[in-house]
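Structure, as structure tokens:
What you see is a predicted model; the values in this text were computed from it and never measured. To find a chain, count down the sequence lines: A is the first, B the second, and so on, and within it residues start at 1.
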2 protein chains.
Amino acid sequence: MPAKPAESKRKEKAALILAAADELFGEQGYDAVSVRDVAQGAGVNKALVFYYFGSKEELFGQVLTRYYDAHRKALQDALEAPGDLDERFRRLVDAYFDFMASNIRFARLVQQQIVGAGPHLGLIQDNLCELERWTEHALAGIAPKDGPLAARHMFVTISGAVINYFTYAPALGPVWDEDHLSEEAMAERREHLHWLVRVLVQGIRDA
Amino acid sequence: MPAKPAESKRKEKAALILAAADELFGEQGYDAVSVRDVAQGAGVNKALVFYYFGSKEELFGQVLTRYYDAHRKALQDALEAPGDLDERFRRLVDAYFDFMASNIRFARLVQQQIVGAGPHLGLIQDNLCELERWTEHALAGIAPKDGPLAARHMFVTISGAVINYFTYAPALGPVWDEDHLSEEAMAERREHLHWLVRVLVQGIRDA
DNA sequence: GCAGGCTTTAACCGAGCGGTCAAACCGATC
DNA sequence: GATCGGTTTGACCGCTCGGTTAAAGCCTGC
């Protein structure tokens with residue numbers, strides 16, 4: 001790629017800001033990070049953040065939106081591939097886990113918003129509901145429509161099993177002793193999730 | 001109770017402040033609530049908050065400590081009662097769920113701290129590790145020491161299934177349509193948890 | 001009724017926040 | 001090399017934050 005087209009040059013600083021915002025918001029939380037922090041992290045003037053993004057809230061919205069687009073795409077791909085019900089459900093959970101594993105800050109961002117009633121709760125709500133509908137779809141035919149074995153209960157249980165592994169990590173350190181995020185630890189958690197899904201599906205069928 | 005002993009009178013305003021802090025921190029998050037908000041909520045002067053609690057951070061610490069003491073006691077009682085392993089484990093999960101159900105703000109407070117690296121992460125850490133050790137103890141004899149079926153994996157999965165029901169509530173509204181916190185909905189979730197524990201224990205035994 | 005010690009208050013402080021703005025800068029185009 | 005529009009900047013604004021302080025209020029024992 002020779003001379004950069006003007007378009008991409010314009011976006012360079014904006015991308016820098018977005019990256020810094022992603023890192024800081026994800027690690028310290030929306031409230032705990034100031035626009036000055038973001039600007040310093042990106043190595044630009046504070047006013048430039050407002051020039052490109054308008055407000056702190058909108059900047060945060062763009063960070064979230066970027067994640068959600070990638071998130072939706074990753075899960076959609078997993079659902080669309082062929083296979084029987086068990087296979088597809090297992091792949092959905094896998095894709096969910098993989099996405100969180102390679103976007104750990106995202107998991108923290110989501111929980112921050114949900115639990116703190118952040119400015120973009122609506123975005124999170126939409127996505128969570130979509131995910132729930134996918135679970136419902138994936139479990140259609142074996143899970144009852146209502147009652148304690150309904151798909152929505154499975155969704156809360158399974159998504160908790162996936163997400164909490166990442167969000168609880170800093171607090172579980174002493175008990176886990178090895179690194180949560182090492183290759184081996186992640187592989188083991190993935191195995192646990194596969195086992196969980198198998199046991200849950202079997203449990204539903206037996207009921 | 002006739003004339004109040006001087007001691008209890010002294011604590012009256014302090015209790016008022018603590019109650020307001022509990023409610024506001026639990027619902028809006030530590031950062032989002034100012035000491036002015038707490039004072040107004042309690043109907044006292046802002047300076048009084050500092051007179052009794054020294055700082056915002058210490059006030060928050062006392063809110064958390066009160067919860068943790070009650071929390072530990074509730075779970076300890078459940079563990080100490082007699083019964084075989086399955087019975088005791090089920091009762092531990094039940095006690096955990098019940099405590100969260102009657103202290104919904106607590107669940108939110110914990111996740112806020114964990115995910116936002118709040119000032120009292122240490123307190124949360126200690127308690128979470130204790131809870132994990134209890135799980136390990138309760139599952140001793142049937143769960144393997146290591147690998148994807150180890151007690152610590154069960155702990156993350158089960159505690160996620162309990163806690164996320166409460167913390168995700170505001171975001172799942174549209175999909176759940178009935179009230180998460182109604183008598184019937186709670187009873188149904190409890191049934192789901194019982195079923196989950198049964199299925200997990202069975203799954204471990206079959207493995 | 002007044003002296004002395006908790007309790008409660010209004011007023012204040014410095015710092016940091018999100019956000020604005022006018023001026024400087026800079027790379028094209030003529 | 002003048003001009004012009006899109007960047008980038010430093011200085012600034014009003015506001016709210018956590019926290020302090022000096023004085024007023026108030027109860028109690030004498």
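For residues 14-47 of chain B, every residue pair satisfying the ring-ring contact (aromatic ring centres under 6.0 Å, His included) rule, not counting sequence neighbours, is listed here: Phe25(B)-Tyr30(B), Phe25(B)-Phe60(B), Tyr30(B)-Phe60(B). Applying the salt bridge (Lys or Arg N to Asp or Glu O under 4.0 Å) test to residues at least two apart or on different chains, the pairs with a partner in residues 148-171 of chain A are Arg152(A)-Glu178(B), Arg152(A)-Glu188(B).
In this structure Glu191(A) satisfies the salt bridge (charged side-chain N to carboxylate O under 4.0 Å, His left out) test with no other residue, sequence neighbours excluded. Residues that satisfy the side chain to side chain donor-acceptor pair (under 3.5 Å) test with Ser55(A), not counting sequence neighbours, are absent from this structure. Listed by chain and number, the residues in a salt bridge (charged side-chain N to carboxylate O under 4.0 Å, His left out) with Asp94(A) are Arg190(A) (sequence neighbours excluded).
With rounding to whole Å, Leu16(B) atom CG is found 15 Å from dT7(C) atom C1'. Between the NZ atom of Lys13(A) and the P atom of dC25(C) there is a distance of 15 Å, given to the nearest Å. Between the C1' atom of dG5(D) and the OH atom of Tyr51(A) lies a distance of 9 Å, rounded to the nearest Å. Atom CG in Leu48(A) sits roughly 15 Å away from atom P in dG6(D) (whole-Å rounding). One can place CG of Leu24(A) at 12 Å from P of dG18(C), the figure rounded to the nearest angstrom. Whole-Å rounding puts the Gln28(A) CD to dC17(C) P distance at 11 Å. Taking atom CD of residue Gln40(B) and atom C1' of nucleotide dT9(C), one finds them 16 Å apart after rounding to whole Å.
Between Phe99(B) and Phe106(B), the distance separating the two ring centers is shorter than 6.0 angstrom.
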The contact string for nucleotides 16-26 of chain D, one letter per nucleotide 5' to 3', using protein heavy atoms under 4.0 Å with B, S and - for base, sugar-phosphate only and none, comes out as -BBBBB-----

